[in-house]
Amino acid sequence: MFRMAEYYAGKSVLITGATGFMGKVLVEKLLRSCPEVKALYLLVRPKAGQSMQQRVSEMMTCKLFDRVREDDPDFHRKIIPISSELTQPGLAISPQDGEKLASCINIVFHCAATIRFDEPLKHALQLNVIATQQLLSLAKQMHHLEAFIHISTAYANCNRKHIDEVIYPPPVEPRKLIESLEWMDDGIVRDITPRLIGDRPNTYTYTKALAEFVVQQEQDQLNIAIIRPSIVGASWQEPFPGWIDNFNGPSGVFIAAGKGILRTMRANNDAVADLIPVDVVINLTLAAGWYTAVHRPKSALVYNCTTGGINPFHWGEIEHHVISSFKRNPLEQAFRRPNANITSNYLINQYWILVSHKFPAFIYDLFLRLSGQKPQMMRIFNRLHKAIGLLEYFSSQDWEWNSENLNMLMSQMTPEDRKTFNFDVRQLNWPEYIENYCIGTKKYVLNEDMSDIPAARQHLRKLRNIRYTFNTVLVVFIWRVFIARSQMARNIWYFVVSLCFKFLSYFRASSTLTN
Ligand SMILES: CCCCC/C=C\C/C=C\CCCCCCCC(=O)SCCNC(=O)CCNC(=O)[C@H](O)C(C)(C)COP(=O)(O)OP(=O)(O)OC[C@H]1O[C@@H](n2cnc3c(N)ncnc32)[C@H](O)[C@@H]1OP(=O)(O)O
Ligand SMILES: NC(=O)C1=CN([C@@H]2O[C@H](COP(=O)(O)OP(=O)(O)OC[C@H]3O[C@@H](n4cnc5c(N)ncnc54)[C@H](OP(=O)(O)O)[C@@H]3O)[C@@H](O)[C@H]2O)C=CC1
């Protein structure tokens, strides 16, 4: 059977979204596991005062590329940045670059997208749908194109409970929507967005569904595959466990819990947490690229890239492992000791928000004000509430994804390829993965040093002592204010104490008898 690395040898690959979370892992894996790949053309825009060249050079200095750098210190010679702003006509690619791409590209991986849940519809449509259309047009001009791989999301059809590996009819004909929105000002679009997105939770999932349809339209002219990852998390194994570089999806929630800020969130303890490690998604993506190019399926194949149906893990379990992991490996300068409760009950959640979020934030801000500093905690909590409010939809319910195409793909690979491009999540040990994920957020997102862990533990002990002191003062205060002043409260108090005493005596007596 054909080996994947051999297939990629001598190939020129075009990647969009290479500066993003998944794009970077894709670039790294291609360079490391397919060392004979000819060139990687990256569509990159200048941003935040940096030219696209500077951005790519900086990206290659990232720790993620350490293993590649070890194998081949000169690896950057294979990376060719192409200036492109995907929201512009023609993707703002110069005619010379366009010609170069048309003459040499063999495989396209389209990762770029806006993944914000609160993106205005016009912008989400521009980037996720119109840019995809434009990229497909460019792909059709490529003389040696063998495969076009589009990264979608498993939640593109989250208005369904069971999701097969098919492209469902779009909620609206994309062309009609694009034409209608063209003449509307932003205010009108904002007003009608909830009606348009209907039973989807945000513009992201809505526009990703439209993009799948747009891609499908070209299946007669191009060899296409669509990858649908669920909630992409830190790497499982490659290039090293726990690599993550952003706050998206659950990562921000984990960090907020580790810092002791997030204490409550609406989620269903028993719902499947469909997390998928980023290296698994990338291995599947590369395998799909190889299979699409070599086997040329008659129509676009969709690969649901999920864990729930294969190796399920639940939000309640995630919560337990995240909290215990952050107790073992604390984050620096935690606000409180990590301890979070997830509940599907709206009222209970509101109660805990008041008691465990707003009250401590108020006290802390008061302390800051009194010591002449700027209050900040309430602002942080307001941002956190906005973010978790947008995530709750995904953590409160279950979906079932079919993964027949994924299994078929695995069966087509050689045993060596299955090892090198591993996407078999049956082998994933969740507690170990979550531990590495939490350590990864500490090391790579927050840039904290592991050698500071003893000091961070000491800080947690200090926080625990503050809590004990606070609770003791509170009990004494309640005693003084209520119990000492009311006969009825005193009677209840004596009754409760004598009941506890009786229980204790009973247990002591029965344990003496059994001994
Ligand atoms: C211990 C208990 C654990 C229990 C676990 C229970 C539940 C798990 C929770 C979630 C799981 C559901 C995940 C669903 C994912 C669906 C899968 C997808 O298809 S994909 C893509 C996922 N997309 C996202 O995750 C994007 C979401 N983010 C946004 O839409 C926006 O960032 C925003 C949340 C609306 C915030 O927008 P705002 O303009 O206010 O801020 P910025 O984006 O500019 O960011 C400001 C600042 O905050 C950091 N940030 C971003 N997101 C988060 C977050 N979720 N939590 C904490 N902090 C976050 C961001 O990096 C910026 O930082 P800085 O200023 O330093 O750059
Ligand atoms: N992260 C997740 O949990 C999941 C992601 N996905 C899908 O995976 C893909 C990659 O996601 P992820 O890596 O997490 O996303 P990121 O937000 O990390 O990366 C997005 C990429 O798109 C690029 N991009 C955005 N706007 C433009 C533009 N106007 N012109 C040029 N490039 C642009 C960004 O470039 P720049 O650096 O210049 O901003 C960046 O490289 C997306 O298609 C997403 O829908 C699917 C399921 C889950």
Side-chain angles (χ1 to χ4, degrees), residues 15-26 42-48 50 52 55 59 83-88 91-92 109-119 123 126-128 131-132 150-156 158 201-205 207-208 211 227-233 245-259 261-269 271 273-276 278 281 285 305-306 315-323 325-326 338-342 380 382-384 386-396 434 438 445-446:
I15 301 174
T16 71
T19 49
F21 171 43
M22 295 189 11
K24 263 185 257 181
V25 180
L26 174 62
L42 314 183
L43 295 194
V44 184
R45 58 179 170 170
K47 195 174 163 185
Q50 280 189 308
M52 54 126 193
R55 294 191 67 204
M59 179 180 105
S83 180
S84 170
E85 166 55 66
L86 297 179
T87 54
Q88 294 301 310
L91 308 175
F109 291 103
H110 179 32
C111 298
T114 166
I115 64 166
R116 293 182 66 95
F117 292 152
D118 61 346
E119 195 71 80
H123 188 250
Q126 186 69 47
L127 189 52
N128 295 352
T132 303
H150 171 73
I151 311 294
S152 182
T153 160
Y155 296 97
C158 57
N202 51 42
T203 53
Y204 169 65
T205 51
T207 50
K208 290 298 274 190
I227 314 295
R228 284 194 192 139
S230 45
I231 303 171
V232 183
D245 75 344
N246 62 74
F247 287 91
N248 292 328
S251 309
V253 175
F254 292 178
I255 292 170
K259 286 274 183 192
I261 296 174
L262 182 126
R263 320 284 292 183
T264 183
M265 177 172 178
R266 261 185 90 195
N268 181 351
N269 275 291
D274 212 301
L275 249 62
I276 184 98
V278 62
V281 181
T285 302
C305 184
T306 60
W315 286 117
E317 295 170 286
I318 298 251
E319 183 242 306
H320 168 77
H321 288 286
V322 167
I323 297 299
S325 170
F326 278 128
N339 186 13
N341 271 306
I342 58 177
I380 292 178
N382 287 339
R383 273 169 68 179
L384 180 71
K386 178 186 166 192
I388 57 180
L390 293 168
L391 301 177
E392 275 168 3
Y393 175 91
F394 301 94
S395 55
S396 303
I434 297 294
C438 292
V445 182
L446 301 175

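As the structure lists them, so they are numbered: ligands from 1, and atoms in each ligand from 1. All values reported here derive from a predicted model rather than from experimental measurement.
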Side-chain heavy-atom pair Val445, Ser251 within 4.5 angstrom cut-off: no

Sub-3.5 Å N/O-N/O distance, Gly20 and ligand 2: yes

Nitrogen or oxygen atoms of Cys111 and ligand 2 under 3.5 Å apart: yes

Heteroatom proximity flag, Asn248 to ligand 2, N/O under 3.5 Å: no

Residues forming a side chain to side chain donor-acceptor pair (under 3.5 Å) with Ser395, sequence neighbours excluded: none

Protein contact of atom 62 (C) of ligand 1 - nearest heavy atom, named by residue and atom, plus distance: Arg383 NH2, 4.3 Å

Option of least heavy-atom distance to atom 30 (N) of ligand 2 (set: Val281, Leu127, Leu86): Leu86

Ligand 1 contact on Glu119 by region, counting heavy-atom pairs under 4.0 Å: neither

Flag: protein heavy atom within less than 4.0 Å of atom 50 (N) of ligand 1: yes

Test item: protein heavy atom less than 4.0 Å from atom 20 (S) of ligand 1: yes

Per-atom contact, atom 66 (O) of ligand 1, protein heavy atoms, under 4.0 angstrom: no

Under 3.5 Å: N/O of Pro229 near N/O of ligand 2: no

Ligand-side contact atoms (ligand 1) for residue partner Thr153, heavy atom cut-off under 4.0 Å: 19 (O)

Atom indices of ligand 1, in the order listed, that fall short of 4.0 Å to a heavy atom of Phe394: 12 (C), 14 (C)

Side-chain touch Trp315/Asn268, heavy atoms, less than 4.5 angstrom: no

Sole residue of Asn341, Ile318, Ile342 in side chain to side chain contact (heavy atoms under 4.5 Å, CB included) with Asn269: Ile342

Distance-only N or O hit between ligand 2 and Ile231, under 3.5 Å: no

Any N or O of Lys47 closer than 3.5 Å to N or O of ligand 2: yes

Atom 33 (C) of ligand 2 - nearest protein heavy atom and its distance: Arg45 NE, 3.8 Å

Side chain, backbone, both or neither: Arg55 near ligand 2, heavy atoms under 4.0 Å: side chain

Per-residue contact class, Leu390 against ligand 1 - non-hydrogen pairs under 4.0 Å: side chain

Ring geometry between His150 and His110 (parallel below 30°, tilted from 30 to 60°, perpendicular above 60°): tilted

Gly249 N/O under 3.5 Å from ligand 1 N/O: yes

Ligand-residue contact atoms, ligand 2 with Ile151, heavy atoms, under 4.0 Å: 7 (C), 8 (O), 9 (C), 43 (O)

Tyr393 ring center near Tyr155 ring center (under 6.0 Å): no

Close approach, Tyr204 and ligand 1, non-hydrogen under 4.0 angstrom: yes

Nearest non-hydrogen protein atom, atom 46 (C) of ligand 2: Ser152 O, 3.1 Å

Min heavy-atom dist Ala256 to ligand 1 below 4.0 Å: no

